[in-house]
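Below is one structure, written out as structure tokens; comments come after it.
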Protein chains: 2
Amino acid sequence: MAQGSNGRATLADVARRAGVSHATASRALNGSTRNVRPDLRQRVLAAAGELGYVVNSAAQAVARGRGEHIALLVNGINDDYFSPVASGVLHAAEADDRMVTMISSRNSPEQATRVVASLRAQRPRAIILAGGRSVTAGAWDARLVDELTLYQNEGGRVVAISEEGLPFDTVAVGNRAAGADLAAQLADLGYRDFTVLAGPAQARTAHDRVAGFREALAERGIEVGEDRVIHCGFDRDGGYAAAGECLRRRAPTRLLFAISDAVAVGAIARLREAGMDLPGEMAVAGIDDVPALRDVSPALTTVRLPWPEAGRAALDLVAEPDDTGPRVVRLRGHVVLRESTPALGRL
Amino acid sequence: MAQGSNGRATLADVARRAGVSHATASRALNGSTRNVRPDLRQRVLAAAGELGYVVNSAAQAVARGRGEHIALLVNGINDDYFSPVASGVLHAAEADDRMVTMISSRNSPEQATRVVASLRAQRPRAIILAGGRSVTAGAWDARLVDELTLYQNEGGRVVAISEEGLPFDTVAVGNRAAGADLAAQLADLGYRDFTVLAGPAQARTAHDRVAGFREALAERGIEVGEDRVIHCGFDRDGGYAAAGECLRRRAPTRLLFAISDAVAVGAIARLREAGMDLPGEMAVAGIDDVPALRDVSPALTTVRLPWPEAGRAALDLVAEPDDTGPRVVRLRGHVVLRESTPALGRL
DNA sequence: TTGTATGCGTTATCAG
DNA sequence: CTGATAACGCATACAA
């Protein structure tokens, strides 16, 4: 409670006050394996309490060669919808009493590379890549992978969430399956004419979702031509623009499949502006099920992705090192049908 | 580019390769004040590059006595609307190339106290308190303030955002003014009968907003009785419940003033459920102007709070130490009138 | 089990 | 301006 005479109390202070050596104090307070005689431990703990001692984790990191916190690399602090991936990881970390250092790559591959370098300086236990959305084309380029590999070679752990194909432990959130499952259910509802608001052309996440969607449809004999795929930004404004483009093309469309809820919301806004009746004239579906959109109208059909579980899985991957090559944990979301895609009458 | 033979390259490695001393290498790479002969500096920089050297910031923190990063303490990772305060700070930090460590107090005062303790362990340059929303009653209790004061005595800086009255540097975001400005404009539009969805009874932020609102109205001869104030949670569900309560009371109300946009959205959802015409039968206004709600309908009248500026101001406060007592930077938002509060016909 | 001594990577001090 | 050398706070091999 009371603080040392000066500022911070050090381990030496505690040891002195408890009448033991630095080593014993260290072991009693932080050292995990070694045992300390109970009464001594008590004395140390008491002394620490009285001095208001808290370990200097920087010094700890120096001595141990690596810190204990986790660095979370996101592509951007999106003001619209803060990455659900980040939320998932933050939650899981909270449960583990883990510190998380968040840093943004500002949607720039070069910046991402620089950021990883400064992350290397921190020497965190692990770097978690929270991709998943607003991924710029080629964001995970060679330079970045190199830098991350460097970090890994130095003893750090790297886990990618929702970005398959990287040479690191990966938590796959089932983007392809999400698209496929959604397509299947929409087909069951009677939909046949789709336009896809596909997000950035080179973004892996977007690509997988679209691919799954089209494949599942193809299996049912429904082709979604390339001319029905409109690329756009990953966010609300992207959807807004793409919906406008869709209107312009006048292709027969009964349902707009948006690569993400954010895109879907933008599209809805645009369609409304055009005076369209939703979902009467046009149905809309997205992917993500972001909670903040619970109250949009019409209520949005979407695929709930397991972000909380993904965060958990990522942290577990970090906690259980395994050097037998990159592991991949596969999760899967589930479709949530709502008002924006009502069942169509039998054809 | 190439890494040292083993793992991490150390300052000693760089010095050796450049043929200079540790000290010189350190000064060339990090030390700010001292000067180094240009050609030597070049040699060092080159060596560092070739070795892929990155400073060990933990060691740096130990040597310097304090780290360079900033800790951001939020009340909770709200899945609905990630605290705009946090976004503001993150943005500003990004611009400064500063690392930010985010940690949540899980809306619990006890947890907050523990969290500050573990923050003390990290020895960050500063701790920024991102209050502002979902503040539990008495979240900033004495124990917490004590712990923060301890941290400050150890040489750390503390800045509170949107939580006035704390013995630390503060960025005031103008909660009272927000309520007042909004009330004034609504009165100008012709509104007279209000019910207030007031948020948690003891939350300072909520209290200030409501107080400003009622005062400005009182100045214009409009009284909002205590029976027109309904307390509720700070979030969407709080608004949902409070709107239900409002309906039950059947008090004549033409406009629902929600303490926050989140509450407003919840209220709108509840009113819709009750089959009400918005804004024809009931107008709704909030405070915050969260971007994610840009597309709710009817478009929400609200007060845009200067979160980005607040983040900037907080970081500036951190950057310019000043021990002449707590400073306070006062910012102010501005009202944004939208569809949810149409002008009423002359009375 | 406990204490001693040494190392971790940087910065800071103080001579040269 | 540069280079030895001593902190910084903690962990840990090694000896007791």
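The chains referred to below are lettered A, B, ... by the order of the sequence lines, with proteins before strands, and numbering in each begins at 1. In this text, all values refer to a predicted model and were calculated from it rather than measured experimentally.
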For atom [atom1] of [X] and atom [atom2] of [N], their distance in whole Å:
X       : N       : atom1 : atom2 : result
N35(A)  : dG3(C)  : CG    : P     : 15 Å
H22(A)  : dT2(C)  : NE2   : C1'   : 13 Å
N56(B)  : dC8(D)  : CG    : P     : 19 Å
R64(A)  : dA13(D) : CZ    : P     : 13 Å
L51(A)  : dG9(D)  : CG    : P     : 13 Å
E68(B)  : dT10(C) : CD    : C1'   : 14 Å
R37(B)  : dC1(D)  : CZ    : C1'   : 8 Å
Q122(B) : dC10(D) : CD    : P     : 14 Å

What nucleotide among [options] has an atom nearest to a side-chain atom of [X]?
X      : options                  : answer
R8(A)  : dT10(C), dG3(C), dG9(D)  : dG9(D)
L40(B) : dT12(D), dG9(D), dT2(D)  : dT2(D)
R27(B) : dT10(C), dC8(C), dT2(D)  : dT2(D)
N30(B) : dT2(D), dC10(D), dT11(C) : dT11(C)
V62(A) : dG9(D), dT11(C), dT4(C)  : dG9(D)

Problem - Side-chain H-bond candidate by donor/acceptor type, S57(B) with E68(B), under 3.5 Å - result: no
Exercise for the section: Report yes or no: do E94(A) and S104(B) form a side-chain donor-acceptor pair below 3.5 Å? Expected result: yes
Exercise for the section: Check whether the side chain of R123(A) and the base of dG9(C) form a donor-acceptor pair under 3.5 Å. Expected result: no
Exercise for the section: Taking the side chain as every heavy atom from C-beta outward, state whether F168(A) and L148(A) have any atom pair closer than 4.5 Å. Expected result: yes
Exercise for the section: Could you pull out the closest heavy-atom pair between A28(A) and R41(A), with the gap in Å? Expected result: O-NH1, 3.1 Å
So does [X] get a side-chain nitrogen or oxygen closer than 4.0 Å to the phosphate oxygens (OP1/OP2) of [N]?
X      : N       : result
S21(B) : dA4(D)  : no
T10(B) : dT10(C) : yes
T24(A) : dG3(C)  : yes
Q60(B) : dT11(C) : yes

Handout entry: Salt-bridge contact D96(B)-R312(B) (side-chain N to carboxylate O under 4.0 Å)
Key = yes
Practice task
Please measure how far the C1' atom in dA16(D) lies from the corresponding atom in dT12(D), and state the result in whole Å.
Solution key: 16 Å
